[in-house]
S.K.: 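If you scroll down you'll find the structure; I have some questions about it.
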Amino acid sequence: MAGAALIAAGTAFHLTASAAEEPKIIPAPAQDEQAGSGTETAVFAGGCFWGVQGVFQHVKGVVSATSGYAGGAKGTAQYETVSSGSTGHAESVQVVFDPKTVSYGHLLQIYFSVAHDPTQLNRQGPDRGTQYRSAVFPVNDEQAKVAKAYIGQLNQARVYDAAIVTKIEPGKAFYPAEAYHQNFLQENPTYPYIVINDLPKVENLRKIFPADYRADAVLVAKAGN
């Protein structure tokens with residue numbers, strides 16, 4: 001997303017078919033979390049949080065998807081500081097979901113398939129730096145086991161042309177990002193960065209996971225709205 005600030009917000013152009021990366025159709029996880037009662041929380045990092053948030057906001061069973069930071073200290077969880085790449089934070093999305101509708105393992109499948117490319121080390125699309133790394137921040141031991149097993153399953157099946165570099169980072173707190181980052185894809189659908197990098201992800205979700213896609217995104221409530 002560092003490159004997004006360099007693109008004039010008023011520039012208008014349309015995405016061509018060759019501009020978007022092809023998603024991967026991958027098998028479901030062989031091991032999944034046991035669904036409990038009530039909602040659960042998952043945290044994923046996969047490059048700029050605008051697109052990752054936008055994808056999960058369109059998934060049935062997701063109650064909320066909030067952009068933020070995970071991996072570093074509370075005191076450095078601000079956009080300008082995180083953008084330096086020196087904080088340990090990754091741009092992340094906290095997903096609150098109903099496990100009776102969508103499982104943690106299925107969220108991982110969507111994450112690895114259409115939300116980002118898990119073979120890119122410390123980068124995603126045009127963005128470079130550890131703040132754009134691929135990482136899963138499990139909130140409990142069971143999530144950590146499911147994520148580790150699924151990465152092993154996908155690597156063994158050689159689904160990708162390169163090894164998955166996604167890190168599993170337990171015990172890390174999540175800090176919400178600034179209000180102007182929330183619902184960015186929904187509020188700025190013609191912003192060039194969104195058009196090129198993120199709208200294709202939502203379209204791939206609709207095509208590859210039609211049973212999970214919902215047209216009306218679940219949005220983050222912001223002060224004053």
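Along the sequence shown, residues are numbered consecutively beginning with 1. Just so it is clear, the model here is predicted, and its values are computed rather than measured.
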S.K.: First locate atom CG of Asp98, then atom OG1 of Thr39, and finally report the distance between them rounded to the nearest 0.5 Å.
M.R.: 7.5 Å

S.K.: Does Thr76 offer a backbone N or O that forms a donor-acceptor pair with the side chain of Tyr69 under 3.5 Å?
M.R.: no

S.K.: From the options His106, Gln109, Arg206, Lys60, select the one residue that forms a side chain to side chain donor-acceptor pair (under 3.5 Å) with Asp212.
M.R.: His106

S.K.: Might you work through the side chain to side chain contact (heavy atoms under 4.5 Å, CB included) test for Thr41 and Gln94, ending with a clear yes or no?
M.R.: CA-CA 7 Å; Thr41 300; Gln94 182 186 69; 3.5 Å; yes

S.K.: Report the C-alpha separation of Leu108 and Val136 in whole Å, then their side-chain angles, then the decisive distance to 0.1 Å, and conclude whether the side chain to side chain contact (heavy atoms under 4.5 Å, CB included) test is met.
M.R.: CA-CA 9 Å; Leu108 283 173; Val136 174; 4.2 Å; yes

S.K.: Do Phe174 and Phe56 belong to the same hydrophobic cluster, where Ile, Leu, Val, Met, Phe, Trp and Tyr are linked whenever their side-chain heavy atoms lie under 4.5 Å apart, directly or via other members?
M.R.: no

S.K.: Using the side-chain contact (heavy atoms from CB on, under 4.5 Å) rule, pick out the option among Val59, Val62, Val95, Ile208 that qualifies with Ile110.
M.R.: Val59

S.K.: Do His89 and Gln131 have side-chain heavy atoms sitting under 4.5 Å apart?
M.R.: no

S.K.: May I have the step-by-step check of side chain to side chain contact (heavy atoms under 4.5 Å, CB included) for Gln31 and Tyr150, ending in yes or no?
M.R.: CA-CA 7 Å; Gln31 179 179 334; Tyr150 194 31; over 6 Å; no

S.K.: Any side-chain heavy-atom pair from Phe112 and Lys24 closer than 4.5 angstrom?
M.R.: no

S.K.: Spell out, as yes or no, whether a donor-acceptor pair under 3.5 Å connects the side chain of Lys172 to the backbone of Ala70.
M.R.: no

S.K.: Are Leu199 and Leu219 in one and the same hydrophobic cluster, where Ile, Leu, Val, Met, Phe, Trp and Tyr link if side-chain heavy atoms are under 4.5 Å apart?
M.R.: no

S.K.: Distance alone, cut at 3.5 Å: any donor-acceptor contact between the side chains of Ser103 and Asp32?
M.R.: yes

S.K.: Distance only, no hydrogens: is a donor on one side chain within 3.5 Å (strictly under) of an acceptor on the other, for Gln186 and Asn183?
M.R.: no

S.K.: Considering all heavy atoms of both residues, which atom of Val55 and which atom of Leu205 are nearest to each other, and what is their separation?
M.R.: O-CD2, 3.5 Å

S.K.: Under 3.5 Å, side chain of Gln78 to main-chain N/O of Gly75, donor-acceptor pair present?
M.R.: yes

S.K.: Please round to the nearest 0.5 Å and tell me the distance separating atom CD of Glu80 and atom OG1 of Thr87.
M.R.: 12.0 Å

S.K.: Is it the case that the side chains of Ser134 and Thr166 hold a donor-acceptor pair, with the cut-off being a distance below 3.5 Å and no angle test?
M.R.: yes

S.K.: Would you tell me whether Gln53 and Gln182 have side-chain atoms, one donor and one acceptor, within less than 3.5 Å of each other?
M.R.: yes

S.K.: Just by modelled atom types, is the Ala149 backbone N or O under 3.5 Å from a matching donor or acceptor in the Gln153 side chain?
M.R.: no

S.K.: Would a 4.5 Å heavy-atom cut-off, applied to side chains only, mark Phe97 and Leu107 as touching?
M.R.: yes

S.K.: Verify the cluster assignment for Val165 and Val52: are they in a single hydrophobic cluster under the rule of side-chain heavy atoms below 4.5 Å apart?
M.R.: no

S.K.: Thinking salt bridges, do Lys222 and Glu178 make one under a 4.0 Å N-O criterion?
M.R.: no

S.K.: Look at the side chain of His116 and the backbone N and O of Gly47, then say whether any donor-acceptor pair between them is shorter than 3.5 Å.
M.R.: no

S.K.: If you measure from CG on Leu154 to CD1 on Ile151, what distance do you get to the nearest 0.5 Å?
M.R.: 8.0 Å

S.K.: Take Glu33 and Asn140 through the side chain to side chain contact (heavy atoms under 4.5 Å, CB included) test and state the conclusion after the steps.
M.R.: CA-CA 10 Å; Glu33 186 182 31; Asn140 55 45; 3.6 Å; yes

S.K.: I'd like to know if Glu91 pairs up with Arg133 as an ion pair, taking the criterion as any Lys NZ or Arg NE/NH1/NH2 lying under 4.0 Å from an Asp or Glu carboxylate oxygen.
M.R.: no

S.K.: To the nearest 0.5 Å, what is the distance between CG (Asn155) and CD1 (Ile164)?
M.R.: 4.5 Å

S.K.: Does any donor atom in the side chain of Ser84 or Ser86 lie under 3.5 Å from an acceptor atom in the other side chain?
M.R.: yes

S.K.: Grab the two heavy atoms, one from Tyr132 and one from Gln124, that are nearest each other, plus how far apart they are.
M.R.: O-CB, 4.2 Å

S.K.: Closest approach of Gly61 and Thr101, non-hydrogen atoms and distance?
M.R.: CA-CG2, 3.6 Å

S.K.: For Phe44 and Tyr104, take the angle between the two ring planes, folded into 0 to 90°, and tell me which bin it lands in: parallel under 30, tilted 30 to 60, perpendicular over 60.
M.R.: parallel

S.K.: Which pair of non-hydrogen atoms, one from Gly36 and one from Pro99, has the smallest distance, and what is that distance?
M.R.: O-CG, 3.8 Å

S.K.: Of all the heavy-atom pairs spanning Pro126 and Tyr193, show the shortest one and how long it is.
M.R.: CG-CE1, 3.7 Å

S.K.: Before we go on, tell me: are the rings of Tyr191 and Phe184 under 6.0 Å apart, centre to centre?
M.R.: yes

S.K.: How are the rings of Phe49 and Tyr79 set to each other: parallel, tilted or perpendicular (split at 30° and 60°)?
M.R.: tilted

S.K.: Using a 3.5 Å distance criterion without hydrogens, assess whether the side chain of Arg128 forms a donor-acceptor pair with backbone atoms of Gly125.
M.R.: yes

S.K.: Can you find a heavy atom in the side chain of Asp161 that is under 4.5 Å from one in the side chain of Thr119?
M.R.: no

S.K.: Quick one: closest heavy-atom pair of Ala45 and Phe137, and the distance?
M.R.: CB-CE1, 3.9 Å

S.K.: According to a 4.5 Å side-chain heavy-atom criterion applied to Ile, Leu, Val, Met, Phe, Trp and Tyr, with indirect links allowed, do Phe209 and Val63 form part of one hydrophobic cluster?
M.R.: no

S.K.: When you group the ILVMFWY residues by side-chain heavy-atom contacts below 4.5 Å and let the links chain together, are Val159 and Ile168 in the same group?
M.R.: yes

